[in-house]
Amino acid sequence: MSLLASDFDFPLPPERIAQAPARPRESARLLEVRAGMPIDRVVADLPSLLQPGDLVVANDTRVIPAQLTGMRGDARIGITLDRMLPDGTWHVLVRNARRLRDQDVLRFEGTDIVARVLSREVGGTAVLRFVAAAIDDEASAVLDAATFDSFLRGAGRLALPPYIARPDGPTPDDSSDYQTMFASHDGAVAAPTAGLHFTPALLAQALERGIRHVTVTLHVGAGTFLPMREDDVSAHRMHPERGIVTRQAADAINATRAAGGRIVAVGTTSLRLLESAASPDGEVRPFDGETSLFITPGHRFRTADLLLTNFHLPRSTLFMLVCAFAGQQTMRDAYAHAIAGGYRFYSYGDATLLHRVPDVA
């Protein structure tokens, strides 16, 4: 029998959607979830909930100002960068995509950078090449990384999720609030939000207890903002995202497991990348490529033992993932407890610490 998105629906009062993060970050509430009654805690408790020898795996992608407004003549075209392709072009989501034609040139006010539309795709996406307008030879006009970064800082802005109300656009606080302490590699459109709860002090407390951490990189794409369009879950296709697991990170993860330690994935992005990089027997291998892994109930997890993650949207691929990890009824009960108890949901909200249930592993 096919899974249905409606099987993962639940009512969420709008006032439960967080509009700003907890301050300080580790003061956010934390719901520990295992088979049985969920336990109310705070993120600052996390080091005491883990064991010496455990390894925390976090996503070190950095959010870029991925929201742009291009001009095609007098028409304004909204663009959200999704991911950079191997040839240096960009896959993007386009608002008003019907106004575009292949080979159109988009200009960006206040800059000397233009984007050529190389191709349009179904679903309001396109591939763009950003070049310097003043250079006639387009091959020579392709931007280097430093020039493109400077362009984004001037012309772009954060692509905050639509449920964070910012009528006048992102605030100065969002520039730091929507970035994790691990952020070191540019490329994400959306933050790996479980990492927002961490501070250097929290990591230091964990280290004092013999709990180490490593980082992996998954550049979260614009597809994370898109709803599931079909009720039949099997019809959904995840947008590819670029991920990197270094040899050093893979070795640390495998050594931890061999020594009997547990792997604590920070966020669904870290978990999806680890599962993408794992061999059938659970060994994590170095990885550098794209993943479009869609995890639903029935998936056999090979890597993480615990998952720290925020509260997710109804009918979302992320809620399906946590149901796969901890059990669908367990998660329904946990979310009902959280809603009744005033927990804050989504990107700027509170967190859950999920224990993997063996019979859904």
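- A salt bridge links Arg41 and Glu32; the closest N-O separation between the charged side-chain nitrogens and carboxylate oxygens is under 4.0 Å.
- Ring pair Phe319/Phe311: centre-to-centre distance not below 6.0 Å.
- Electrostatic pairing of Arg212 and Asp54 does not count as a salt bridge here, judged by no charged N lying under 4.0 Å from a carboxylate O.
- Considering Leu93, Leu68, Thr69 in turn, Leu68 is the only one that fulfils the side chain to side chain contact (heavy atoms under 4.5 Å, CB included) rule with Ile79.
- In the model, Ser270 has no side-chain atom that pairs as donor or acceptor with a side-chain atom of Asn59 under 3.5 Å.
- Geometrically, Arg356 does not engage Phe301 in a cation-pi contact defined by less than 6.0 Å to the ring centre and at most 45° from the axis.
- With 3.5 Å as the limit, one finds no donor-acceptor pair spanning the side chains of His197 and Asp350.
- Between Phe345 and Tyr163, the ring centre distance reaches or exceeds 6.0 Å.
- A distance below 6.0 Å separates the ring centres of Phe294 and His236.
- If you look at Phe151 and Phe108, their ring centroids are closer than 6.0 Å.
- Counted by atom type alone, His185 and Thr61 present zero donor-acceptor pairs between their side chains at under 3.5 Å.
- Salt bridge annotation for Arg257-Glu283: absent, with no cationic side-chain nitrogen under 4.0 angstrom from a carboxylate oxygen.
- Of the charged side-chain nitrogens involved, none lies within less than 4.0 Å of a carboxylate oxygen, so that Arg315 and Asp7 do not count as a salt-bridged pair.
- Look at Asp177 and Arg23 and you find a salt bridge, because one of the NZ, NE, NH1 or NH2 atoms lies within 4.0 Å of a carboxylate O, short of that distance.
- Atom CZ of Arg166 is surrounded by more than 12 heavy atoms from other residues, nucleotides or ligands within 6.0 Å.
- The main-chain N or O of Ile339 is found under 3.5 Å from a side-chain atom of Arg16 such that the two form a donor-acceptor pair.
- Note on Arg116 versus Asp104: no salt bridge recorded, every NZ/NE/NH1/NH2 to OD/OE distance being 4.0 Å or above.
- Salt bridge Arg247/Asp251: present, at least one basic N to carboxylate O contact under 4.0 Å.
- Relative ring orientation between Tyr348 and Tyr178 is described as perpendicular, the plane-to-plane angle rising above 60° on a 0-90° scale split at 30° and 60°.
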